[in-house]
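From a predicted model like this one, the values you see are computed outputs, not experimental measurements. Only heavy atoms go into these numbers, but all of them, side chains included; no hydrogens, no water, no symmetry mates.
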Amino acid sequence: MTVASSHPEPVPIPAGPGDRPSQTPRPPRRDERLWTRELMSAAAVNGLRKLDPRSMVRNPVMFVVEVGSVFTTADALRYLVTGHLALFSFVGQISVWLWLTVLFANFAEAMAEGRGQAHAAALRRTRVETVARRETATGLEEVPATVLAKGDVVRVDANGIIPSDGEVIEGVASVDESAITGESAPVIRESGGDRSAVTGGTRVTSDWLRIRIAAGRGETFLDRMIELIETSQRRKTPNEIALALLLAGMTLIFLVVVVTLAPFSAYSHAPVSVTVLIALLVALAPTTIGGLLSAIGISGMNRLLERNVLALTGRAVEAAGDVSVIMLDKTGTLTLGNRQATEFICAPGVDPTQLATAAQLASLADETPEGRSIVVLAKTAHGLREQPLGEREAAFVPFSAQTRMSGVDLGAQQIRKGAVDAVAAWTGQSIPDEVAATVDRISRSGGTPLLVAQDRRVLGTVHLKDVVKEGIKDRLQALRSAGVKTVMITGDNPVTAAAIASEVGVDEFLAEATPERKMEYVKAMKAEGYLVGMVGDGTNDAPALANADVAVAMNTGTMAAREAGNMIDLDSNPTKLIEIVEVGKQILITRGALTTFSVANDVAKYFAIIPAMFVVAFPGLSALNVMHLTSPGTAILSAIIFNALIIPALIPLALRGVHYRPAGAAVILRRNLLIYGMGGIILPFAGIKVIDMAVSALHLVSVIH
């Protein structure tokens with residue numbers, strides 16, 4: 001291409017990163033507030049519905065509390081009928097607070113479910129009855145999308161709705177996936193490669209696509225999203241089941257203990273009423289964690305949804321918290337993906353500005369990312385924002401795969417920039433030893449050297465490198481401090497891979513990675529006892545994804561990758577795996593912290609209720625009344641009130657999760673014991689004392705039976 005300059009006008013320089021117009025901030029995907037009026041109203045109604053024993057029996061701890069509430073209510077009504085109003089007042093108040101304990105636990109679970117159901121309702125609104133244009137032997141026929149079967153081929157033109165999940169077999173088009181991902185910018189979908197999968201309910205905004213349907217009725221991605229988000233059908237994870245069994249076992253043990261106290265108290269001539277025994281059982285049982293356990297698990301999946309990650313199984317969420325090895329692609333995940341010019345290195349006797357000027361002029365016709373980065377580097381590092389050409393005629397030489405060079409001829413002056421061997425051949429001279437040493441150093445460091453020459457003379461070298469993403473090294477270090485091993489996957493040779501791995505800060509790397517090598521590496525790590533997390537988007541990633549414990553498939557990836565994964569990232573952001581691991585660990589830490597608090601806060605209740613039960617028969621037990629509670633009646637009622645109120649007080653913590661800071665297991669355990677263990681012991685003592693003072697001041701208890 002030849003451009004004649006009749007006036008000394010400067011050649012415009014492409015804008016650099018600092019010159020780009022600011023982008024409109026992405027709006028929030030959904031309302032993430034916890035305490036909206038609509039959500040709380042729906043949770044209150046659903047909490048009442050959950051009082052159905054068939055629903056409560058799934059939570060043995062709270063089911064025992066509900067049964068106890070029924071007995072105390074019956075006892076209160078008996079006292080009312082027989083005219084024992086003082087006893088009716090005491091037992092009635094105990095009954096009310098036991099029912100509130102159950103309702104607060106149901107409310108916590110309903111709040112967590114409500115957030116997911118709100119998202120599912122929003123997805124349902126995006127699902128419309130679509131008419132598909134299905135190919136037949138005689139042409140195209142219009143049919144409802146619901147009758148499409150796997151293997152059918154449909155055509156979708158501009159502004160048409162993709163009727164079902166499938167694979168693009170012909171065409172290239174822009175697709176608006178905002179209904180699924182929340183992203184307003186269209187994405188490109190085309191046949192072949194790693195961007196051929198399309199999702200039902202999305203819209204083609206330009207051109208056309210031929211799509212082979214890959215999902216039948218009720219099997220689409222959108223259908224699965226709605227079904228999985230419906231938390232009422234959520235399956236408990238293995239860790240959650242194990243903890244639920246432990247809590248049920250503890251409750252059973254306490255039930256046996258409380259039942260044996262009845263004949264013991266009768267033998268001691270200090271009989272204890274059924275109401276007091278039930279109060280003791282509720283105080284002993286781990287009701288706090290029992291009431292919040294489901295909410296913690298459900299809210300964990302909701303936090304992934306807030307990050308636009310769909311967990312196809314609860315087991316995958318649990319595994320994310322236990323992952324000990326994560327495999328990350330180098331390109332696009334740890335690095336920006338495009339090689340960028342980072343340094344100009346002069347040959348002996350060459351001025352740096354001369355090299356930068358020549359490199360910039362030689363790159364003006366190079367539209368590759370590498371070429372544009374050279375122009376930007378010359379502008380930012382040397383202030384070369386304009387290149388006046390004067391009256392000279394400029395003949396630009398664009399970059400091509402054949403020549404592997406670009407440049408410009410300014411009259412008799414010739415400037416070239418490109419691959420080392422190509423530019424060396426163009427000069428017809430041997431490369432100076434200093435330049436050859438620079439080329440070798442750049443190559444060994446994992447970078448790419450480019451030579452710049454002017455009038456057959458080598459001026460120096462441009463260092464291109466795949467730039468590490470900002471902050472990625474710190475995030476990997478945080479994972480390492482939490483005991484997670486990081487592995488970089490790359491197709492580079494081992495020497496280049498080692499250099500990049502050292503710069504990024506990963507623990508290991510897998511060079512010259514093929515689908516078979518990836519899968520074998522995953523299997524080898526699992527055989528050593530590690531839980532492995534991996535992210536992928538291509539068909540070549542599917543074998544390894546299918547074997548990984550946490551397999552995150554990109555929504556833009558192929559259908560094979562999406563079917564092999566157990567999580568799908570709707571944003572198609574490869575670094576999301578790090579966030580997924582952090583969310584998984586946060587769920588485990590939250591569950592552990594609240595379990596610690598639940599067990600610890602029972603200690604104060606023992607000091608409140610047990611002396612109250614037997615102080616008449618055994619006056620020496622008054623020494624255990626360390627809180628100096630007013631009376632046995634106020635002590636029992638205060639303990640039950642605190643036991644009920646602590647559940648709603650901890651709902652925000654259960655829904656938001658304990659703040660996660662990367663650390664080793666020993667550090668996290670010490671922190672939990674210090675904050676939630678000691679806090680669980682100290683807070684109830686203060687809380688029960690304050691409630692006792694309020695109960696006494698209001699004269700709510702006058703007798704205990």
Side-chain angles (χ1 to χ4, degrees), residues 44 47-48 51 56 61-108 254 258 261-262 265 270-285 287-288 290-291 601-602 604-616 625 627-649 683-705:
L48 290 172
L51 290 175
M56 293 296 301
V61 177
M62 301 315 299
F63 178 70
V64 168
V65 178
E66 183 179 43
V67 173
S69 304
V70 172
F71 277 104
T72 57
T73 302
D75 210 20
L77 293 176
R78 179 171 63 85
Y79 288 131
L80 177 63
V81 171
T82 58
H84 296 82
L85 297 183
L87 290 173
F88 165 72
S89 174
F90 173 72
V91 176
Q93 290 179 73
I94 294 291
S95 299
V96 168
W97 286 104
L98 291 182
W99 282 114
L100 287 175
T101 302
V102 179
L103 286 172
F104 288 151
N106 289 349
F107 179 77
F254 293 140
V258 170
L261 284 177
S265 63
V272 179
S273 69
V274 172
T275 297
V276 174
L277 290 173
I278 291 174
L280 175 62
L281 174 60
V282 172
L284 289 172
T287 52
T288 305
N601 80 47
D602 288 341
K605 302 171 198 172
Y606 306 157
F607 281 92
I609 294 182
I610 292 179
M613 291 175 61
F614 299 109
V615 70
V616 175
N625 185 17
M627 290 176 279
H628 301 289
L629 302 179
T630 306
S631 69
T634 61
I636 294 173
L637 182 58
S638 299
I640 293 301
I641 292 175
F642 179 86
N643 190 71
L645 293 180
I646 197 63
I647 294 177
L683 179 63
F685 276 96
I688 291 175
K689 178 60 178 178
V690 170
I691 295 172
D692 176 79
M693 294 169 62
V695 168
S696 301
L698 296 173
H699 303 289
L700 297 179
V701 177
S702 59
V703 66
I704 177 174
H705 176 61

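- The nearest pair of heavy atoms linking Val91 to Thr72 is CG1-O, 3.3 Å.
- Taking OG of Ser273 as the reference point, atom CD1 of Ile278 lies at 8.5 Å (rounded to 0.5 Å).
- Rounded to the nearest 0.5 Å, atoms OG (Ser638) and CG (Asn643) are 12.0 Å apart.
- Side-chain contact between Val102 and Met56 is present, with heavy atoms from C-beta onward closer than 4.5 Å.
- Ala279 and Ile640 make their closest contact through O-CD1, 3.6 Å (heavy atoms, listed as atom of the first residue, atom of the second, distance).
- The shortest distance between side-chain heavy atoms of Ile646 and Phe104 does not fall below 4.5 Å.
- For the atom pair Met62 CE and Thr101 OG1, the distance stands at 6.0 Å (nearest 0.5 Å).
- Taking every heavy atom of both residues into account, Trp99 and Ser69 meet most closely at CE2-CB, 3.5 Å.
- Annotation for Thr73 and Ser95: closest pair N-OG, 3.3 Å, computed over non-hydrogen atoms.
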Criterion side-chain contact (heavy atoms from CB on, under 4.5 Å) on Phe88 and Asp75, from CA distance to verdict: CA-CA 8 Å; Phe88 165 72; Asp75 210 20; over 6 Å; no

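- Atom CD1 of Ile641 is separated from atom CD1 of Ile636 by 12.0 Å, given to the nearest 0.5 angstrom.
- Distance check, rounded to the nearest 0.5 Å: CZ of Phe254 to CG of Leu280 gives 9.5 Å.
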Walk me through whether Val96 and Leu100 qualify under side-chain contact (heavy atoms from CB on, under 4.5 Å). CA-CA 6 Å; Val96 168; Leu100 287 175; 4.1 Å; yes

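- Nearest heavy-atom pair, Pro684 versus Ala604, reported as atom, atom and distance to 0.1 Å: CB-CB, 3.5 Å.
- Annotation for Thr287 and Ile647: closest pair O-CD1, 4.0 Å, computed over non-hydrogen atoms.
- Atom CZ of Phe71 has 12 or fewer heavy atoms from other residues, nucleotides or ligands within 6.0 Å.
- Checking side-chain atoms of Asp692 against main-chain N and O of Thr630 turns up a donor-acceptor pair under 3.5 Å.
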For Ile688 and Met627, what are the C-alpha separation, side-chain angles and deciding distance, and is it a side-chain contact (heavy atoms from CB on, under 4.5 Å)? CA-CA 8 Å; Ile688 291 175; Met627 290 176 279; 4.1 Å; yes

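- Two residues are said to be in side-chain contact when any heavy atoms from C-beta on lie closer than 4.5 Å; Asn106 and Leu51 meet this criterion.
- We find the NZ-CG distance between Lys605 and Leu284 to be 9.0 Å, quoted to the nearest 0.5 Å.
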